[in-house]
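Here the structure comes first, spelled out in structure tokens, and everything after it is commentary.
Since this is a predicted model, take the numbers as computed values, not measurements. Protein chains get the first letters and strands the later ones, always in sequence-line order, with residue 1 at the start of each.
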Amino acid sequence: MTTRRRALAAYLFPPLAVAAAFFVIPLAELARQSFSGGLASYARFFGDSYYLSALVITLGNAVLVTMVTIVVSYPLAFTYWQAGPRRRSLLVILLLSPFYANVVVKVFGWMVLLPAGLREGYWAILLIDVHRAMPFMVLMLAAALARIEPEVMESARMCGASPSRVIRTVVLPLSMPGVVGGGILVFSLTLASFIVPLLVGGAVGGRFLAVLMYHQITIAQDWGFGAAIGVVLLATASLAIAVGNRVVRGARLGRVMGDGFGG
Amino acid sequence: MAGIHIERLRKSFGRETVVDIDALEIRDGEFFSLLGPSGCGKTTTLRLVAGLVGADAGRILIGGRDATSVPTAKRNLGMVFQKYALFSHLTVAENVAYGLRERRVADSEIAKKVTGALALVALPDCADRYPHQLSGGQQQRVAMARAVVYQPDVLLLDEPLSNLDVKLRVAMRAELKRLQQTLGITTLFVTHDQQEALALSDRIGVMRNGRMEQVGTPQEIYDAPASVFVADFVGGTNVLGGVVRGVAGASVEVEIDGCAPLSAGHAGSFAAGAAVNVAMKPERVRLAASGPGRTGEVESVAYLGSGFSYLVRVGSQRVEARIPDAVMVDGRPLKAGDRVAVVFDGATARILDP
């Protein structure tokens, strides 16, 4: 037993060391710097409606992007799930293609494609954020759908459910782990989105917390306040995910969430 | 309630024909089993009746109405799957209520019927639990309640007992029969377990390569198999090669190498000198340990609890005899190496085409 434990520790040491060196320590450093002037940075943030509204804009965008991504990804995941093996491999290539390009390349791609009036501003942010998030969401949804046994849907049909009723009463509730898991993923991804609002956001792009933080550190050279914004962003994300998780778990979904996400 | 009428039903997957049934009549209120090895087409036949797969040709009538092109949801059938296939996001009561909800039955009526169905399957106290909180046997009962609560015309069972352990399977078998008789519902049951089919069915259809090999009551199937395949599949029958010596009316005299000639009933026409198979149940074979004609040699003796199984070599063939009490020779039980005479019961032997 002890040798097994020692072996496990030996395996776990390298990744844990990397995580500690490049994630935990910088994060701790960030938190430390945010308190360099005592609570002054936080007082400044929460005392200024400009920054509070930036928090609302950032959170609101993440929520909206998450919801839009769920809605547009679901039919795609459903199609993928129902497809035969050949169509499936074609779909997976198309689906993963956005991963082949860096987000910066993607943003410039969209700038070329979009008409002049849409090239800058909130709609550009929403569009590109959703585009970036879709593959993640589709993969999470497809994984959840793949776990639904065909017999369960057949049972519903035997009981008299039409195809649309089968989707509404069986497929949708049983795919909730994918919706929640994908939702959390997309929400976190979007909340921390920095390049997109910076490049296409125009005036509103400057009101995103990640961009504000960037400006505080590179232009204003105020590391303490920049760090405080980062901590607020991180805390908000964690809180939002915890609350979202609690709400979903409170819903009467029986076993579904128990062995899926947030269980 | 309704019978099922199948005519010239065909279904292929790719180039392989999996179902090819010329005619099959399942009577109103009957418990009918489709029995056969895996891949014989029995499950596909059930799924064709359910409408879960479409027929390539032929017709399926349920209660006299042509259901061939009616969608599954409109066929008013109940089905229990091998893997239970309960809705894991719904409670037991909601699972059972599902078919009633889809039929827009009033809430008060639903509550009454769900309670009744759960009482029928002896699960009255589980209404508010979720499927994963139940044992396999309990889940199976919920699946049955869900399938019968809306009074379907026909109940379809796809190996519903095969996921249960042996003891529970036998108990559930009795429950299933009781349930079917209480409801008087036409039942189509798919199984590869001949014991199950024999114990439960009013009639059995033995399937092979998509075709109906034989249809009959359990006793007919067991005692009078129509082919070597049925004799072999439906339970440990001895199938011995022999040669026809003569034909007299409805009985044929056959000589089996190493045994006394026997005359047996037959289904078909045979000419003298023709090679045939003789099917003979092990419990109908007797062994004589003394006297003349001891041409057989005991190869092994096994105690089965309910009796003894003797494997005896006669000529180039092997015969199993099952006898309730140990055969004695010189005051001791028969053992391997002893010589015996094998005596067949001509009245229960069947002559089959090779």
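Within the 3.5 Å criterion, the main-chain N or O of B:Ala85 finds a donor-acceptor partner in the side chain of A:Ser155. Using modelled atom types, one side-chain atom of B:His89 and one backbone atom of A:Thr169 make a donor-acceptor pair closer than 3.5 Å.
Inspection of non-hydrogen atoms places B:Arg47, B:Ala50, B:Gly51, B:Leu52 of residues 38-60 of chain B under 4.5 Å from chain A. Residues of residues 100-119 of chain B lying within less than 4.5 angstrom of chain A, judged on heavy atoms, are B:Glu102, B:Arg103 in numerical order.
Contact between A:Glu151 and B:Phe81 at its shortest, heavy atoms only, is CG-CD2, 3.7 Å. The heavy-atom pair separating A:Ala161 from B:Ala73 by the smallest distance is O-CB, 3.5 Å. For A:Met158 against B:Tyr150, the heavy-atom pair with the smallest separation is O-OH, 3.3 Å. A:Val152 and B:Leu86 make their closest contact through CG2-O, 3.9 Å (heavy atoms, listed as atom of the first residue, atom of the second, distance).
No more than 12 heavy-atom neighbours from other residues, nucleotides or ligands sit within 6.0 angstrom of OH on A:Tyr11. More than 12 heavy atoms of other residues, nucleotides or ligands shown are found within 6.0 angstrom of CZ on B:Arg178.
Annotation: the span from B:Lys74 atom NZ to A:Arg157 atom CZ amounts to 12.5 Å, rounded to 0.5 Å.
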B:Phe87 and A:Leu174: CA distance, side-chain angles, deciding distance, side chain to side chain contact (heavy atoms under 4.5 Å, CB included) verdict | CA-CA 9 Å; B:Phe87 307 124; A:Leu174 289 178; 5.7 Å; no
